[in-house]
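Input: a single structure, listed below in structure tokens.
Values in this document were obtained by computation on a predicted structure and should not be read as measured data. In listed order, ligands and their atoms are each counted from 1.
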Amino acid sequence: MSPHLLSVDSLSRDQIDHLLRVAARMEPIAQRRQVTRVLEGAVLGNLFFEASTRTRVSFNAAFCRLGGSVCDTTGFTFSSMAKGESLYDTSRVMAGYCDAIVMRHPEQGSVAEFAAATNVPVINGGDGPGEHPSQALLDLYTIDKEFTRLGKPLAGAHVLMTGDLKYGRTVHSLIKLLSLYAPMRITLVAPPGLAMPDHLIELVASRGHRVEQRDSLASDYADVDVVYTTRIQKERFTAEMSEGFSLSRDFTVDRAFLDRRCGRDTLVMHPLPRDSRPEANDLDVDLNGDPRLAIFRQTDNGIPVRMAIFATLLKVDELIEKDLRPVRWFVPTRVGVDDAVL
Ligand code: NCD
């Protein structure tokens, strides 16, 4: 495996399957039943130059749960980049302090440029509208886990992606990752001007998948297995696009859409954050507590998957089982008050 995780492009099917297997072995630690110290002494540098809650905190928590420690910096204002420091210099400096680095940056390609200046593993935590490979891995892990629970095969699955497919980096990475698996059906529904880039559609179609673009959710989606909805990435809009843009309610995934248009066990996923302001028309809260809503199981899966990424890149993935001890503190059976019992 490449020393870095920058794009889904660098992953082979075997490497992905390995990461998913290691992630499954991390579950007892992620679920706070066991502890390990395999990364004791190691230091993670978390560099976030764009807003983040779950990616930053879950990478941080995953490293800590492996026994390591984390140093982080958020925003340009409090980093030397505000003084004009280059990505090259920042990278070399950080490599002298840390054993792994996670970076999020608003410019596409910036994390790869940063990684080119170091031999310390660098993970792309999102580079502008480019990619978000760890999110795609946790999305795939979630789909695989939920399908196993529902007794469904991944081969031939029908995945509906909706929302901002132009700037949403999570769907860019996810569609590439899914395209490495057995032929699927992928339906793309984006508001005007926010369609999935053509080169990604062509890539997926060239690998034998059936890709279809529709302009509305008002259709029959009874055979859709997963509805993957995303937030409109307004922060990436040009001034011209922002002017007067508002997402029509017709693109909202809510209980009525799921009950009327989808199947009984259609799963709803979202990389989060969902924009809960009423005018945003993002994924509706009326599905909270509904077992079909997999969004918080999805965020929970961020921990074992990110642990697997660190363990694999830092080559301790074979040591985990030898280093487990039981947890000694109190952990509630369900961490969320509305969590569905499956
Ligand atoms: C996404 C991101 O930052 O790309 N969030 C995440 O990491 N889970 C999606 C978004 O911001 O809409």
Between Asp259 and Arg292, does any side-chain N to carboxylate O distance fall below 4.0 Å?
yes

Other than Phe296, what residues sit in its cluster of Ile, Leu, Val, Met, Phe, Trp and Tyr side chains whose heavy atoms are under 4.5 Å apart, directly or through others?
Leu160, Tyr167, Val189, Leu194, Leu217, Tyr221, Val224, Val227, Ile232, Phe237, Met241, Phe245, Leu247, Phe251, Val253, Phe257, Leu258, Val268, Leu272, Leu283, Leu287, Leu293, Ile295

Check this for me, if you would: do Arg185 and Asp223 make a salt bridge, where the nitrogen-to-carboxylate-oxygen distance has to be below 4.0 angstrom?
yes

Does Val335 sit in a hydrophobic cluster with other residues, and if so which ones, taking ILVMFWY side chains as linked at heavy-atom separations under 4.5 Å, directly or through other members?
none

Rest of the hydrophobic cluster containing Val331 (Ile/Leu/Val/Met/Phe/Trp/Tyr, side-chain heavy atoms under 4.5 Å)?
Val35, Val327, Trp329

Tell me which residues fall inside the under-4.0 Å heavy-atom shell around ligand 1.
Arg54, Thr55, Arg104, His132, Gln135, Arg169, Thr170, Arg231, Gln233, Pro271, Leu272, Pro273

Basic-acidic side-chain contact under 4.0 Å: Glu50, Arg169
yes

